[in-house]
Amino acid sequence: MPVPEGTVVVERASAAQDFGPKLNRTAADVVRFLMQHGEMVTATQSLSDDMMELFAAEVGAEIRLVNPGEEQEAELQKLLGVADQDNLNGGEAPLRPPVVTVMGHVDHGKTLLLDRIRNTHVVDGEAGGITQHIGAYQVERNGKPVTFIDTPGHEAFTAMRARGASATDIVVLVVAADDGVMPQTIEAINHARAAEVPIVVAVNKIDRPNADTQRTVAGVAEQGLVPEAWGGENIYCEVSALNGDGIDELLDQMLLMAEVEDLRATPEGRACGVVLESNLDIGRGPIATVLVQRGTLSVGDPMVAGASWGRVRALLNDRGEAVDQAGPSTPVQVLGLSEVSIAGDTFAVAPNEKLAGRVADTREHWQRLSNLGREAHALSGGAKLEDLFTRIQRGETATLNAIIKADVNGSLEAVIESLRKLETSEVRIAVVHRGVGGITENDVQLAYASDATIIGFNVRPDRKAREAADAAKVEIRTYEIIYKLLEDVSSAMVGMLAPDIEEIVTGEAEVRQVFRVPRVGAVAGCYVQNGAITRGAKVRFLREGTIIWKGEITSLKRFTDDVREVQSGYECGIGLSNFQDLKAGDIIETFDEREVARTLEG
């Protein structure tokens with residue numbers, strides 16, 4: 001029987017019994033052909049993209065692979081009424097604030113610049129420091145608001161855009177005047193260009209003695225960003241995030257560009273937009289930071305965000321204050337969703353709660369099938385990081401099975417997308433499980449069962465997880481810098497892993513009560529649960545398994561006496577260097593570091 005004419009749409013992860021009939025063939029035909037090519041599959045087993053394309057080529061059919069649910073998503077959008085609201089976005093819609101993303105090379109001052117802008121131009125003249133960080137905030141300049149998004153990295157920016165979430169109007173590229181163009185500067189330029197948004201170059205650190213702005217500008221211009229002063233189209237601003245020089249001029253340029261772009265959106269109708277960040281809070285449940293792009297989001301609205309849904313229980317602005325509504329270009333935290341959303345998911349207010357639940361359940365079903373397809377046949381022969389080079393040397397295709405845990409979803413997506421880019425014909429990376437929050441005993445059990453390495457980004461394993469990992473010989477690697485993580489994986493692939501810095505946890509204390517002492521600040525009343533707490537020790541401060549601060553213990557007391565060490569089973573008072581955000585239930589973890597030479601196991 002001839003194959004169908006034209007292009008046949010086939011969902012990824014299809015089984016032979018579903019795939020064969022679409023090409024006018026039986027499941028047995030598909031299974032037999034794949035067996036002849038060394039692939040042992042059953043009629044009900046999910047097929048990889050390569051397998052389906054190989055069979056299609058054999059029978060002369062043209063296929064187009066789509067993610068499960070891709071075709072159905074258009075129908076879901078119609079159900080939500082998102083498409084019907086497009087006509088509300090005409091030229092008569094009011095102007096909206098510009099949405100700005102700041103990017104640049106690590107250590108070039110991106111975070112300090114964001115903090116400086118926020119502290120100097122907070123809406124409504126808020127006094128004091130930052131009350132909470134939600135990944136996005138709004139500031140005012142001459143009465144006009146500007147929204148800033150702080151992405152966890154270039155990869156997350158691209159991952160968000162890949163899901164169709166065009167959240168950014170302007171990119172600010174931060175380049176240090178004393179360092180010039182670096183590899184990640186070029187990366188940032190490429191990501192911003194791919195998003196097709198205007199780029200403003202902020203030449204930072206002009207206060208440094210060795211700053212050379214002319215050389216820096218010339219270096220950036222070589223990458224195609226020609227300054228207006230040289231006859232080009234790109235705006236350059238010289239700034240100092242440290243002392244605030246040039247910040248006002250930079251904001252003025254943002255507002256000028258917004259005027260030229262004529263950015264508009266209607267506040268009328270049901271809200272829709274994009275999820276910027278999400279995390280799981282033990283006390284408050286799933287929290288999503290969203291950017292409203294159209295309409296007005298209100299407390300009580302039935303809402304669906306990706307595969308999660310719920311009625312909006314509360315909205316918090318970037319200062320942690322409860323608000324009733326949020327209009328276009330406004331970032332807010334949403335409480336009330338059923339589960340943690342994924343950064344880059346679109347959200348929409350549904351006509352009713354029943355429909356919101358139905359859409360979310362449908363998406364979850366298709367996403368699950370999509371994940372099965374993505375990892376199909378990738379879980380054979382897992383390898384630890386140290387083993388990769390040995391496997392490659394033998395001529396095998398080495399697979400690194402990984403469980404990825406991170407502090408927030410944006411970081412999680414950034415890590416996974418970055419690891420995917422390291423894959424070669426010799427090394428495959430299979431993400432067995434991904435999640436937000438600390439590394440748990442369940443993660444270790446799954447890693448043992450699937451021969452996987454656990455990779456943590458800005459999170460730590462708890463004591464039970466460490467003990468289980470030691471007993472099961474499961475490898476846990478934790479990182480706080482994404483480039484160090486990628487460097488380790490890349491080095492393992494060429495057999496060049498540097499000596500490992502092993503961290504030995506020496507003590508754990510739970511914060512039971514917080515005391516405010518005049519002229520001293522916050523002191524944590526703690527109970528030592530494990531090991532010993534020593535004055536002057538390096539310390540990590542953990543909240544629900546996530547690292548929120550690192551430093552040293554500056555004071556240690558038993559009752560009113562200063563002591564050098566407190567053993568397990570005793571209470572003590574702990575003072576920390578430059579850290580005051582203490583809460584009952586937090587964990588203070590002390591540790592030592594030692595260098596351990598790596599070994600390659602065959």
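Bear in mind the structure is a predicted one, so any value in this text is a computation, not a measurement.
- Between A465 and E441, the closest heavy-atom pair is CB-N, 3.8 Å.
- The minimum heavy-atom distance linking G104 with L173 is given by the pair CA-CD1, 4.3 Å.
- Y137 contributes a side-chain N or O that, together with a main-chain N or O of L114, makes up a donor-acceptor pair within less than 3.5 Å.
- A cation-pi geometry, defined here as NZ or CZ lying under 6.0 Å from the six-membered ring centre and within 45° of its normal, does not hold between R118 and F148.
- Counting heavy-atom neighbours within 6.0 Å of F591 CZ, excluding the residue itself, gives a total above 12.
- Among L280, L276, V340, the single residue meeting the side chain to side chain contact (heavy atoms under 4.5 Å, CB included) criterion with N409 is V340.
- In this structure, the separation between CD on E589 and CG on N530 is 9.5 Å, given to the nearest 0.5 Å.
- Counting only N and O atoms by type, the side chains of S341 and S308 include a donor and acceptor under 3.5 Å apart.
- The backbone N or O of P267 lies less than 3.5 Å from a partner atom in the side chain of T296, making a donor-acceptor pair.
- A salt bridge does not link R460 to D462: none of the charged nitrogens lies less than 4.0 Å from a carboxylate oxygen.
- In this structure a side-chain-to-backbone donor-acceptor pair under 3.5 Å is present from K405 to G438.
- Proximity of a side-chain donor or acceptor of T168 to a complementary backbone N or O of I170 within less than 3.5 Å is not detected.
- Minimum interatomic distance between A305 and D345 (heavy atoms only, all atoms of both residues): O-OD2, 4.2 Å.
- Side-chain polar atoms of R477 and T453 form no donor-acceptor pair below 3.5 angstrom.
- Looking at every heavy atom in both residues, L337 comes nearest to A288 through CD1-CB, 3.8 Å.
- For the pair R463 and E467, the salt-bridge criterion is met [side-chain N within less than 4.0 Å of a carboxylate O].
- A donor-acceptor pair under 3.5 Å is formed between the side chain of R270 and the backbone N or O of V349.
- The pair R96-D169 counts as a salt bridge, with a side-chain nitrogen and a carboxylate oxygen less than 4.0 angstrom apart.
- Counting only distance, with no hydrogens or angles, the side chain of D361 and the backbone of R358 share no donor-acceptor pair below 3.5 Å.
- The structure places CD1 of I547 at 9.5 Å from CZ of F457, a figure rounded to the nearest 0.5 Å.
- Across all non-hydrogen atoms, the minimal contact from C526 to I588 is SG-CD1, 3.9 Å.
- With S418 contributing its side chain and A414 its backbone, the two residues share a donor-acceptor pair below 3.5 Å.
- Distance CG/L112 to CZ/R116: 7.0 Å, rounded to 0.5 Å.
- Note that CG of N317 is 10.0 Å distant from OG1 of T330, once rounded to the nearest 0.5 Å.
- Q529 and E510 share a side-chain donor-acceptor pair at under 3.5 Å.
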Item to check | Verdict with supporting geometry, V99 and L291, side-chain contact (heavy atoms from CB on, under 4.5 Å) | outcome: CA-CA 9 Å; V99 180; L291 178 72; 3.9 Å; yes
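- Using a 3.5 Å distance cut-off with no hydrogens or angles, the side chains of Q138 and T147 do pair a donor with an acceptor.
- The backbone N or O of C272 lies less than 3.5 Å from no partner atom in the side chain of R294, so there is not a single donor-acceptor pair.
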